[in-house]
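Here is the structure we will look at.
Numbered from 1 within each chain, the chains take letters A, B, ... in sequence-line order.
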2 protein chains.
Amino acid sequence: MINKSSLCQQAVDLLRKRIFSHALLPGQRLDEAALAADLGISRTPLREALKILSAEGLLHIKPRRGCFVAELTPADLEEIFPIMAMLEGRVAYEAALKAGPNELKRLDALHEKLEKYAAARDVDRYYEVNYVFHDALQELAGNRWLQHMIGDLRKLLRLSRHRSLKLEGRQLESLAEHRALMAALQRRDAPAAEEIMKNHLLAQLSALRRMASRQEVA
Amino acid sequence: MINKSSLCQQAVDLLRKRIFSHALLPGQRLDEAALAADLGISRTPLREALKILSAEGLLHIKPRRGCFVAELTPADLEEIFPIMAMLEGRVAYEAALKAGPNELKRLDALHEKLEKYAAARDVDRYYEVNYVFHDALQELAGNRWLQHMIGDLRKLLRLSRHRSLKLEGRQLESLAEHRALMAALQRRDAPAAEEIMKNHLLAQLSALRRMASRQEVA
DNA sequence: ATGCGTTATTTTGTATACAAGATAGGAGAG
DNA sequence: CTCTCCTATCTTGTATACAAAATAACGCAT
C-alpha cells in the first residue's frame, strides 16, 4: 500500500471503509482529536475528510456539537429503493441497447458465478459477484452520470447491513430475477430488461420489509 | 444578514452563489490564498469549503495543482436531463397521488403566474416562478430523497446558463406542458402527470440541442 | 437528597507557521 | 537563437497554537 495521495484523501478512504465495515456504527459520534491521533494525522486534513464524508451523506455534522455517522431509517429505505429501481432500471435499458456479443459473454460469465454461489449457498460471494454484475452492467450502459447517481445512493445503503438475501427463499428469487434479466439482455429487449431490474430492486425492498416485520415480532 | 454560522459554511454559500451567478466561470482556477484574502478568512475554513463544493461536483480539485470550477459538456447534459426527467417525472407521479384541494389551489396559483409572465414575455420571472412551481411539486410529493437527488443535479445544471426558454417558441411549448401537467394533477392522473413531466424535461434538452446547433452555425 | 448556578474542562472552529511539490524564469550549452 | 537544466518563487498540504462555545463537574441552597 503506497501512501501517495493526500492525508485528507486517505482519511476519507479509511473512514468510508470503517463505515462500510460497521467498525463505525450509525449514530456514533466521532471525536476529532481522538480520530486524528488514531489515524496518526493532524486535525486539519481530518476535518477536511469529515466535510467530504458529510457532503456524501455518510456523516452528519452538527455545528459546534460534533460529527455523527449517518443513520438510515426504514422510511429512508422506502424512498431510496424506488429511486434505485428507476436508476438501475434505466441502466439495464441502456445496457440492453448497447450490449455486444463480447459484453454479453462477460455478463453471462458473471451470471454463471452467481448460479454457482447460489447453489453452494455462499451468500457472501453471491453478494459480492452480484455487486460486480451490477457494476459491469453500469459500465456497459456507459452513462457516467447515471453511474454517479447510483454510486451515491449505493454508498448510503452501505451504512447498514441489508442482507435481504438471508431471508428464506429470497436468494432463489434474486437468482430467478437475474436469470430473467440475462435473457432480456440477450434478446436485446431493453424495456423488458428495465422492468425486470426495477422489480429486482423493489423485491429487495419488499424482502427487507418482511425481515423488519419479522424482527419486530421476535 | 447575520453571520452566525461557521466561516466554512459561509464560504460554501458564497462560492456557490458566485458559481451560480457566473462570477466564477467553468474551468476557472481558484487561488486559495487570494480567495481567502478576498473573503477575509484564513485558508483553513476556505479549504474545507472547497472540499465540500468539490464533493457536490461544483469544483474539481486536482491534487497539488489547484481547484477548478467544474464544466458541463453537451455530453453531460445529454446524460443529466434524462435522469432529471425520470426523477421529476416520479415527483409528478407522487404529487398527483397526494394532491389535496388546498395544494392544487396553491399550484394553480403558481401556474396562473406562469401564464401571466408568459403573456408578458417576462422570461426571467417565468423562469423564477417555474422553479418555485417545481419546488412546490416536490414538497407536495414529500419524498425527501427524491428531492435531494433532484437538488444535486439541479445545482450542477446551474453551472452554466441553460436558457432554453429564449429559443423561438419554446416558452409557449413549456407553458402548454405546464398546462397539461396541471390538468393531469387535477384529474389525479399520476401516470399522465409523470409522462408529461418527463417529456417536459426532455423537451428542454431538445431545445438546448437546437440552440447549440444554431450557435455552431452562427 | 435534589435541583440549580457557577466554574473547570473538553472540543470545535479558526489562524498562523512550516514543509514539500509545482511552476516559472534565467543561465548556460549546443 | 533555441533548448535544456537548474534555481528561485509560488502554491498546496499539513501541523500546531489559540479562541470560543459546549459539556461536565462541583458546590451550594432548598
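Looking at B:His22, its side chain does come within 3.5 Å of a backbone N or O of B:Phe20 through a donor-acceptor pair. A donor-acceptor pair is defined here as one N or O able to donate and one able to accept, closer than 3.5 Å; such a pair exists between the side chain of B:Arg29 and the backbone of B:Arg65.
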### Query
Which parts of nucleotides 10-17 of chain C does protein reach within less than 4.0 Å, heavy atoms only, written one letter per nucleotide 5' to 3' as B for base, S for sugar-phosphate only and - for none?
-SBBBBB-
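A side-chain donor-acceptor contact under 3.5 Å links A:Gln9 and A:Asp13.
To the nearest 0.5 angstrom, A:Asp31 atom CG is 9.0 Å from A:Arg43 atom CZ.
We find that CG of B:Leu46 is positioned 14 Å from P of D:dT11, with the value rounded to whole Å.
Below 30°, between 30° and 60°, or above 60°: for B:His178 and B:His200 the angle between ring planes is above 60°, a perpendicular geometry.
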